[in-house]
Protein chains: 2
Amino acid sequence: MRSTAAEDYVKAIYHHTEWQPEPVTPSQLATRLGLANSTVTEMVKKLAAAGLVHHRPYGAVELTPEGRRLAVRQVRRHRVVETWLVERHGYEWDEVHDEAEILEHALSDRLLESIAASLGDPERDPHGDPIPAADGTVRRPDAVLLADAPAGHEGAVVRISDEDPAMLRFLADAGIALDARLTVLGVKPYSGSMQVRALRGTVDVGPDVARAIWLAA
Amino acid sequence: MRSTAAEDYVKAIYHHTEWQPEPVTPSQLATRLGLANSTVTEMVKKLAAAGLVHHRPYGAVELTPEGRRLAVRQVRRHRVVETWLVERHGYEWDEVHDEAEILEHALSDRLLESIAASLGDPERDPHGDPIPAADGTVRRPDAVLLADAPAGHEGAVVRISDEDPAMLRFLADAGIALDARLTVLGVKPYSGSMQVRALRGTVDVGPDVARAIWLAA
DNA sequence: GGCATGATTTCGGCATGCCGAAAAAACTGC
DNA sequence: GCAGTTTTTTCGGCATGCCGAAATCATGCC
Ligand SMILES: [Mn+2]
Ligand SMILES: [Mn+2]
Ligand SMILES: [Mn+2]
Ligand SMILES: [Mn+2]
């Protein structure tokens, strides 16, 4: 049971706890994977039988150590591929995800490591997500969600969620990229949006954006 | 109907007529693809319904123009990947086939062309097989099968079949590689093997090898 | 404690690719 | 031309992943 489907499921489960550590429910998984709830229930049962996840009926889904190993491996593959596409093939950071989603299952370990080596064994991908090492080691940078940062907080952007390519383009236009320095000016009451100073000027960002950007702590 | 299975089938059909132009039978396809005859019969029916092949029951299988286009595209992808693995990732020529067999289905057109461009748009792969151009143009070098070459014939190796990795290693050890100059010394009666002079000395090659090597005409 | 609501699971079904066994057709040698 | 062999096709079946509809469970509210 290490099909490409299984690889995507454990990756989605891992992903959910990577920045906020709450266990993931089947319906959340279904949403992220774009599948029906019933499909996820069935697959989770198979993953549990294969020893990749823990799951009691009607409960949340959690990775076993073996499932986590597979997930971390898959995350490494995904992020190495994304980095390679940007660094070596002229992709923009909002164009890499779909291609990586497929390639991550197709490359041999040997080829993936050769590509990683040719990139100098990068430690983060184009969105700032940490790339696990080949031995499974993961380093999580200390970071604060922009939405949680108090007025006056100032810090470099260390991660931007790659969920929404359109948002990535919006941010690029606004001059907000990895390593850009941001200052939180304040929260606009009732609008839910924040005022932020970037190098290029002041920007209003809505709650979706504020939950997609992490600043150095 | 352009699944990875369909891509492999049309490629196998194309492959059969690439160097000897006889139409391919279902059982030959089954052998090449490592599948049961019944499986091939069924898939051929589906390919015919999709307009990729012509097939009358109990007859041979031939590509339609559309099937040929898909096959040529797939051959390009396979050979570009093999070339890339050898040129950029330190693979030996006997190690590339299986990885290419998978990757050829996973790369986007954009990425494949970016890789091809980074290699200088190569015209032949590590075994000497011609790489079709991106527009579908195919150039076939004039070549004679070693098995068909008369005693005294002398010419450069322009192609070595990549069917059998062990044979490729044997040939590499014997100093027979792409562009090596060979002279046919003669056929050993009753043994079916040929005597051939290479740079490194004289070699006896059996019929399998003699049918795997093409010399410049 | 009972009940409405939403999440989860079960169930029947579908698509794709594959197989072996059996039936049908096509060759082959005499 | 015909019997035996080989090839091809048909048939029933299996595995993987997916779906929608219906049943079941958990929960929170009164
Ligand atoms: Mn991604
Ligand atoms: Mn994927
Ligand atoms: Mn090959
Ligand atoms: Mn293939």
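Residue numbers begin at 1 in each chain, while the letters A, B, ... track the order of the sequences.
- Every residue was checked against the side-chain contact (heavy atoms from CB on, under 4.5 Å) condition with B/R2, not counting sequence neighbours, and none meets it.
- Remark: the B/E7 side chain and the B/T4 side chain contain no N/O donor-acceptor pair separated by less than 3.5 Å.
- With sequence neighbours excluded, no residue forms a ring-ring contact (aromatic ring centres under 6.0 Å, His included) with B/H153.
- Interface residues of residues 97-105 of chain A facing DNA chain D, ordered by number: none; criterion, heavy-atom separation under 4.0 Å.
- Annotation: salt bridge (Lys or Arg N to Asp or Glu O under 4.0 Å) contacts involving residues 45-58 of chain B, sequence neighbours excluded, are absent.
- Listed by first and then second residue, the salt bridge (Lys or Arg N to Asp or Glu O under 4.0 Å) pairs involving residues 15-26 of chain B are B/E18-B/R79 (not counting sequence neighbours).
- For A/R69, the salt bridge (charged side-chain N to carboxylate O under 4.0 Å, His left out) criterion is met by no residue, not counting sequence neighbours.
- Of the residues in residues 2-17 of chain A, none has a non-hydrogen atom less than 4.0 angstrom from any atom of DNA chain C.
- Side-chain nitrogen and oxygen atoms of A/H55 include none within less than 4.0 Å of the OP1 or OP2 phosphate oxygen of C/dT8.
- A cation-pi contact, defined as under 6.0 Å to the ring centre and within 45° of the axis, is absent between B/R32 and B/Y9.
- In summary, the side chains of A/T25 and A/Q28 do present a donor paired with an acceptor at a separation below 3.5 Å, with no hydrogens or angles considered.
- Once you apply a 4.0 Å limit to the heavy atoms of chain B, the touched nucleotides of DNA chain D run 5' to 3' over D/dT8 to D/dG12.
- In this structure, the salt bridge (charged side-chain N to carboxylate O under 4.0 Å, His left out) partners of B/E123, at least two apart in sequence or on a different chain, are B/R139.
- In this structure, A/H16 contributes its side chain and A/A12 its backbone to no donor-acceptor pair below 3.5 Å.
- Applying the side-chain hydrogen bond (donor to acceptor under 3.5 Å, both in side chains) test to B/T31 and every residue at least two apart in sequence or in another chain returns nothing.
- Near DNA chain D, defined here as any heavy-atom distance below 4.0 Å, the residues from residues 32-49 of chain B are B/N37, B/S38, B/T41, B/E42, B/K45, listed numerically.
- The stretch residues 19-43 of chain B participates, sequence neighbours left out, in these ring pair (Phe, Tyr, Trp, His ring centres under 6.0 Å) pairs: B/W19-B/W214.
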